[in-house]
Engineer: 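First, the structure itself, so that you have it in front of you.
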Amino acid sequence: MADPGDAIVRHVVTFGRVLREVGLEVGPGRTIDALRALDVVDLTRQEDVYFALRQTLVSRQDELDLFDRAFLAWFLRAPVLPPARQTGLVQPAARAAAAPVDRLRGEGDEEPEGEPAELGASAHELLREKDFAEMTPDEFRRLRQLMQVIARTRPRRSSRRRQADPRGELLDMRRLMRRSLRTGGEPVERAYRSRKEVPRKLVVLCDVSGSMDAYSRALLLFLHAVVGSGPGVEAFAFGTRLSRLTPDLATRDPEAAIDRCTEAVVDWGSGTRIGASLKEFNDVYGRRALTRGAIVVVVSDGWERDDPDLVGREMARLARAAYAVVWVNPLKGNPEYQPLAGGMRAALPFVDRFLPGHNLRSLEELAAVLAGIERRHAA
């Protein structure tokens, strides 16, 4: 019989890895502190577990939002929601974490009749864990709304422009002078500014060759949701050639968008020429500065029928121009997967994050990674 303590250790260590992926500095020392804290609390009390982990794994106030979202996604299996950007009063994180499980599912997520009430056995939980290749058309329809929630989590960057912020780091001299007129010229009430946060450019290149056929429909639904999340998103498909899908995915109806995409991509379900497609993207769109400062997501199983060396050269060009490169491979969802395909091996040295993409849970992980990704490769 497995030791429950070992399972807790593995769970906390993996959670620490999730926190590092979204930008928190969680090292072995903090992980040990978290395990010690869990030793002295009641593990059956959700609120105790939440505060034990938050106290030991969070060091700065600006990390609280990322921690709360990671806690909800990892321990409570709730959808990953976009980070709060409000400056007014918000619901305390502790209250959200201690909410009843049925409220954490969100509106409209009631359990169907006859199904177990536990979150782990809920219909939505089963849907999150099910492989896209095994889903029925009805399950795909239920998947749309959940994908739209995930797609709202966009990577962000600091803009050159500044906005009024009482917790900002720079004095707003103009507002300071205006306010000082109320107090006879004395700057009693100080005003500050901080940099605005705006969505970072996001470019998605999706493999629609024959080897990806089992996952293409689900990934196109995700692409449609991402394109609909706001400006600054570009979507492309590739098989033996590159096709721009952004205009075709701009319609509100997902089914209509997928039909338009399948008509526009003449090499749908054909062979795979990753290197040639990347070269076309770099030559045509890279020169337009489309990838400069952008996060580029490549969705492919890495099977290349041409020279893998071309994949490596074009990935190097892409990595130099982009802020970060993320590779999503549906095959990585298999615990026994190894990147043995020539194209995949050639691409990996230039990839900042290598993630699975076989089910909804993996796309939630992708959204969390994109929200807190840092550039690793040299400029």
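Just so you know, these numbers use all the heavy atoms, side chains as well, and skip hydrogens, waters and symmetry mates.
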Engineer: Could you tell me which residues satisfy side chain to side chain contact (heavy atoms under 4.5 Å, CB included) with Q55, sequence neighbours excluded, listed by chain and number?
Structural biologist: none
Engineer: Can you tell me how far CZ of R353 sits from CD1 of I295, rounded to the nearest 0.5 angstrom?
Structural biologist: 9.5 Å
Engineer: Got a sec, which pairs hit side chain to side chain donor-acceptor pair (under 3.5 Å) with one end in residues 29-39, sequence neighbours left out?
Structural biologist: R30-S59
Engineer: Who are the side chain to side chain contact (heavy atoms under 4.5 Å, CB included) partners of A316, not counting sequence neighbours?
Structural biologist: R320, F350
Engineer: Determine whether a donor-acceptor pair (N or O, by modelled atom type, separation under 3.5 Å) exists between the side chain of R305 and the backbone of R273.
Structural biologist: no
Engineer: Among all residues two or more places apart in sequence or in another chain, which pass the side-chain hydrogen bond (donor to acceptor under 3.5 Å, both in side chains) test with K332?
Structural biologist: none
Engineer: Considering residues at least two apart in sequence or located in another chain, which fulfil the side-chain hydrogen bond (donor to acceptor under 3.5 Å, both in side chains) criterion with T272?
Structural biologist: S209
Engineer: Could R200 and Y323 be counted as a cation-pi pair, given that NZ or CZ must be under 6.0 Å from the ring centre and within 45° of the axis?
Structural biologist: yes
Engineer: State which residues pass side chain to side chain contact (heavy atoms under 4.5 Å, CB included) with R244; sequence neighbours excluded, sorted by chain then number.
Structural biologist: E234, F236, T246, P247, Y285
Engineer: Could you work out, with side chain to side chain contact (heavy atoms under 4.5 Å, CB included) as the rule, every residue matching L43, not counting sequence neighbours?
Structural biologist: I8, L38, V41, V49
Engineer: Going by the rule side-chain hydrogen bond (donor to acceptor under 3.5 Å, both in side chains), which residues pair with R317 if we only count those two or more places apart in sequence or in a different chain?
Structural biologist: D283, E314
Engineer: What pairs of residues pass the ring-ring contact (aromatic ring centres under 6.0 Å, His included) test when at least one of them lies in residues 202-233, not counting sequence neighbours?
Structural biologist: none
Engineer: Kindly write out the residues that satisfy side-chain hydrogen bond (donor to acceptor under 3.5 Å, both in side chains) with S300, not counting sequence neighbours, or none if the list is empty.
Structural biologist: D207
Engineer: Do any pairs count as a salt bridge (charged side-chain N to carboxylate O under 4.0 Å, His left out) and have a residue in residues 217-233, sequence neighbours left out, and if so which ones?
Structural biologist: R217-E255
Engineer: Among V369, V204, L366, L219, exactly one meets side chain to side chain contact (heavy atoms under 4.5 Å, CB included) together with V328. Which residue is that?
Structural biologist: L366
Engineer: Considering residues at least two apart in sequence or located in another chain, which fulfil the salt bridge (Lys or Arg N to Asp or Glu O under 4.0 Å) criterion with D138?
Structural biologist: R141
